[in-house]
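Take a look at the structure set out below.
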Amino acid sequence: MRIATWNVNSVRARLERLLPWLTERQPDVVCLQETKCVDEMFPRDEIEDVGYQVALSGQKTYNGVAILSKKPIEDVTLGFGIERFDGEARVIAATIEDVMVLNCYVVNGQEVGHERYDYKLEWLAALRDFIVERFPMDEKVCVCGDFNVTFDDKDVYNPDRWRGRILCSAPERKALMGLCETGLEDGLRKFHPQGGVYTWWDYRRRGFENGDRGLRIDHHLLSGPAMAACTGVEVDREARAGKKPSDHAPVIATFA
DNA sequence: ATGGTCGCGGAGCGA
């Protein structure tokens with residue numbers, strides 16, 4: 001089984017990249033973030049026509065998450081079940097075969113010290129509680145998505161420039177490590193311990209085209225049984241190149 | 001170089 005995570009930055013704007021990518025790569029499960037549309041506007045028919053079932057938590061203009069799967073999607077839940085956080089469509093969980101999947105679009109946080117930065121840290125604490133309550137670590141668990149946090153400087157093309165800033169601040173990294181303390185492990189890092197592997201490049205400074213100036217903020221966090229079955233985690237850089245790409249590349253985890 | 005480019009929605013905000 002292969003499970004991909006991809007922040008598509010609008011599923012409708014990205015459909016001409018998403019559909020051929022699904023057809024060529026044939027991942028079993030795809031966790032999408034920033035779909036940016038209500039459920040009625042989601043291109044469900046087009047995606048079903050290339051062989052995927054769809055589970056959705058949509059929202060107008062901002063946020064929005066979805067799970068696409070070739071196999072039946074069971075036990076779908078939306079949000080944390082906490083009113084304070086569930087007004088933004090950032091969380092969808094489901095079980096596919098023997099894998100419990102949790103797809104997250106973590107709050108960006110704007111900048112360190114901003115109101116949204118504090119909200120981001122609270123949101124990550126709520127995510128940790130949700131994982132502890134709902135995801136038994138003796139099962140195959142895959143918590144993936146856009147976490148909007150780097151683990152450490154190995155995930156940053158220019159650590160000096162980013163030191164202490166949003167996506168790289170110590171409190172954010174502590175919160176990301178806190179998720180792992182529930183029994184999860186950074187899947188990609190196990191296969192790329194040297195770092196320097198990125199998943200997001202800023203449109204503005206043409207970070208992808210100009211010298212691979214990226215950050216790794218999209219992750220697969222895997223339970224022990226999931227990690228034991230995992231044979232690789234790779235970034236699909238081809239999907240970030242070419243015409244009308246998302247600013248994020250997909251990340252694909254393969255399981256035996 | 002505190003800039004720059006996207007997407008949404010139809011101006012300015014979020015990323």
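Just so we're on the same page: letters track the sequence lines, and every chain starts at 1. None of these values were measured; they are calculated from a predicted model.
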Check: Which comes earlier along DNA chain B counting from the 5' end, the contact point of A:Lys244 or that of A:Arg205, where each point is its nearest nucleotide?
Finding: A:Arg205
Next item on the list: State, with a plain yes or no, whether a side-chain heavy atom of A:Glu34 is found less than 4.5 Å away from one of A:Tyr105.
Entry: yes
When the [atom1] atoms of [M] and [N] are compared, how many Å lie between them, rounded to an integer?
N: B:dA1; M: B:dA11; atom1: P; answer: 36 Å
N: B:dT2; M: B:dG12; atom1: P; answer: 24 Å
N: B:dG9; M: B:dG14; atom1: C1'; answer: 13 Å
N: B:dG3; M: B:dG7; atom1: P; answer: 23 Å

Taking the ring centre of each residue, are [X] and [Y] less than 6.0 Å apart?
X: A:Tyr198; Y: A:Phe208; answer: no
X: A:Phe80; Y: A:Trp123; answer: yes
X: A:His219; Y: A:Phe151; answer: yes

Whole Å only: how far is the [atom1] atom of [X] from the [atom2] atom of [N]?
X: A:Lys60; N: B:dG10; atom1: NZ; atom2: C1'; value: 11 Å
X: A:Gln59; N: B:dG9; atom1: CD; atom2: P; value: 11 Å
X: A:Asn158; N: B:dT2; atom1: CG; atom2: P; value: 16 Å
X: A:Trp162; N: B:dT2; atom1: CH2; atom2: P; value: 16 Å
X: A:Asn210; N: B:dA1; atom1: CG; atom2: P; value: 16 Å

Check: Which distance, rounded to the nearest 0.5 Å, do you find between the CD1 of A:Ile92 and the CG of A:Asn103?
Finding: 7.0 Å
Margin query: Given A:Thr5, which partner from the list A:His220, A:His248, A:Gln33 fulfils the side chain to side chain donor-acceptor pair (under 3.5 Å) test?
Written below: A:Gln33
Margin query: Applying a 4.0 Å non-hydrogen cut-off, can you work out what A:Arg165 is touching in the nucleic acid: base, sugar-phosphate, or nothing?
Written below: nothing
Which atom pairs link the protein and nucleotides 12-15 of chain B when you take only N or O atoms and keep those under 3.5 Å?
unit_1, atom_1, unit_2, atom_2, d
B:dA15, N6, A:Arg204, NH1, 3.3

Notebook entry, point to check: Can you find a side chain N or O atom of A:Ser10 that sits less than 4.0 Å from OP1 or OP2 on B:dC6?
Noted result: no
Margin query: It should be established whether A:Arg206 places a side-chain nitrogen or oxygen under 4.0 Å from OP1 or OP2 of nucleotide B:dC6.
Written below: yes
